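This report refers to the structure that appears directly beneath it.
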Amino acid sequence: MAPYRLLPFLLLLLLSSSTAFQSSSYTPHRSLILVQQQPLILRYHNGPLLKGNLTLHILWYGKFTPSQRAAISDFIVSLSPSSKLPPPSAASWWATTAAYPGGAAVISIGHEILDTSYSLGRSLTTASLRRLARRAAGGPIKNAIAAVFTSADVAVDGFCMSSCGVHGAARNSGVKFPYLWVGNAAVQCPGQCAWPYALPEYGPPGAAPLVAPSGDVGVEGIVINLATLIAGVVTNPYGRGYFQGPAAAPLEAVTACTGIFGSGAYPGYPGKVLVDTKSGASYNARGVNGREYLLPAMWDPKTFNCATLV
Ligand SMILES: *[C@@H]1O[C@H](CO)[C@@H](O)[C@H](O)[C@H]1NC(C)=O
């Protein structure tokens with residue numbers, strides 16, 4: 001289907017590129033764009049969106065510590081309105097997806113599988129990702145999403161070259177289901193996939209990265225990319241939902257707003273964020289268990305703008 005690349009740092013170069021996986025091959029697509037003009041229009045392509053109660057089944061591939069898994073799982077839990085946090089919160093961020101026709105999507109975590117033995121090795125292809133997605137799903141699933149997370153020591157085709165994660169569709173016993181994959185970029189390319197908690201390799205000299213709330217840059221990068229992809233999954237699960245541009249290299253709910261985390265953002269500057277006075281960490285959304293997350297702007301179909309939390 002239509003997986004995506006998420007490289008905010010490329011905005012520094014005023015360059016955007018997208019990667020599309022078609023069957024087992026992918027074609028990098030590059031195009032020159034300037035900072036998005038407002039209003040920004042994502043077209044609806046007459047296909048299904050995901051709405052209602054959805055279950056996210058997770059496969060953790062490789063080495064994830066319990067605290068890493070907790071930070072990421074807490075983000076998913078935080079999306080739910082039942083987290084009852086005052087805005088700006090992960091739930092208030094997610095509420096923008098309900099502005100897309102059909103109402104709200106409420107995500108809860110289903111089963112979790114730990115693959116600590118790297119069953120498919122430490123170098124994965126697109127085909128192995130789909131295999132892992134099927135294993136994460138555990139069988140034909142409806143109203144559910146399979147999520148695969150790979151640890152920092154796992155190489156994945158295209159990872160850090162053209163993508164930080166992808167979403168697409170796979171089948172189990174003929175039943176199509178959406179999946180997403182996000183890699184931990186802490187070692188391989190933090191500047192690409194964990195910006196602005198890590199500096200781009202070719203960033204401006206003397207700049208300092210933002211302080212990560214969890215202290216784990218890889219985890220914060222996973223949350224940013226998971227947020228991006230899960231918004232893409234519910235608003236464009238099978239390539240016929242909301243996006244701008246060609247279906248093979250779409251700009252979706254969050255990728256259309258790449259590099260924007262707060263008001264006043266410009267290429268290389270994430271925009272206004274909040275700073276935790278105790279830890280010095282930057283964030284823009286509260287989560288359960290006292291978590292703080294930095295969540296990317298999302299296109300709001302009601303205002304035709306990239307909505308920011310602060
Ligand atoms: C979602 O689940 C909640 C709680 O189990 C239930 O009250 C609600 O009706 C469900 N919504 C849909 C759209 O199925």
Side-chain angles (χ1 to χ4, degrees), residues 2-18 31-45 49 75 78-79 87-102 104-105 163-165 167 180 192-197 200 210 220-221 223-237 241-246 249-274 282-286 292-310:
Y4 309 92
R5 57 172 330 203
L6 312 162
L7 299 183
F9 86 106
L10 277 180
L11 277 173
L12 285 172
L13 313 172
L14 300 181
L15 179 76
S16 159
S17 46
S18 300
S31 61
L32 200 64
I33 57 158
L34 296 176
V35 180
Q36 289 293 348
Q37 305 265 321
Q38 306 292 356
L40 173 66
I41 308 287
L42 267 59
R43 244 175 17 93
Y44 176 51
H45 296 76
L49 311 186
F75 166 67
S78 301
L79 296 176
S89 66
S92 63
W93 174 81
W94 185 247
T96 299
T97 61
Y100 289 69
S163 75
C164 305
H167 82 80
L180 63 86
Q192 285 181 46
C193 297
W195 182 84
Y197 289 120
L210 301 184
E220 303 301 344
V223 169
I224 291 168
N225 292 303
L226 171 59
T228 304
L229 288 163
I230 205 162
V233 168
V234 299
T235 58
N236 187 31
Y242 279 83
F243 60 90
Q244 185 191 56
L251 290 175
E252 299 183 315
V254 172
T255 48
C257 304
T258 293
I260 302 171
F261 290 88
S263 53
Y266 53 81
Y269 169 62
K272 184 183 168 193
V273 296
L274 303 174
S282 290
Y283 70 103
N284 61 10
R286 297 180 192 92
E292 294 163 340
Y293 296 113
L294 186 62
L295 302 179
M298 194 190 312
W299 186 73
D300 184 335
K302 296 224 152 76
T303 62
F304 304 115
N305 274 309
C306 290
T308 56
L309 285 159
V310 286

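Start at 1 with the first residue, then count along the sequence. Because the structure is a prediction, the values reported are computed rather than measured.
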Validation row: [X], [Y] side chains within 4.5 angstrom (heavy atoms):
X: Pro270; Y: Leu210; result: yes
X: Val273; Y: Leu294; result: yes
X: Arg286; Y: Pro88; result: yes
X: Arg43; Y: Phe243; result: no
X: Val223; Y: Leu295; result: yes

Nearest 0.5 angstrom please: [X] [atom1] to [Y] [atom2], how far?
X: Leu40; Y: Asn305; atom1: CG; atom2: CG; answer: 8.0 Å
X: Met298; Y: Cys257; atom1: CE; atom2: SG; answer: 8.5 Å
X: Leu309; Y: Lys272; atom1: CG; atom2: NZ; answer: 11.5 Å
X: Phe261; Y: Tyr269; atom1: CZ; atom2: OH; answer: 12.5 Å
X: His167; Y: Leu180; atom1: NE2; atom2: CG; answer: 8.5 Å
X: Leu274; Y: Asn284; atom1: CG; atom2: CG; answer: 6.5 Å

Is the side chain of [X] donor-acceptor paired with the backbone N or O of [Y] at a distance under 3.5 Å, no angle test?
X: Asn225; Y: Gly221; result: yes
X: Thr255; Y: Leu251; result: no
X: Asp300; Y: Thr96; result: no

task = Could you walk me through whether Tyr242 and Tyr44 pass the ring-ring contact (aromatic ring centres under 6.0 Å, His included) test, one step at a time?
result = CA-CA 4 Å; Tyr242 279 83; Tyr44 176 51; 5.0 Å; yes
Closest heavy-atom contact between [X] and [Y]?
X: Trp93; Y: Pro296; answer: NE1-O, 2.6 Å
X: Tyr197; Y: Ser282; answer: OH-O, 2.6 Å
X: Ala90; Y: Leu79; answer: O-CD2, 3.8 Å
X: Ala231; Y: Val254; answer: CB-CG2, 3.7 Å
X: Cys193; Y: Ser163; answer: SG-O, 4.1 Å

task = With side-chain contact (heavy atoms from CB on, under 4.5 Å) as the test, would you mind laying out the steps for Ile230 and Trp94 before giving the verdict?
result = CA-CA 10 Å; Ile230 205 162; Trp94 185 247; 3.6 Å; yes
query = Does Tyr283 have its ring centroid less than 6.0 Å away from the ring centroid of Tyr293?
reply =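 They do not qualify: ring centres at least 6.0 Å apart.
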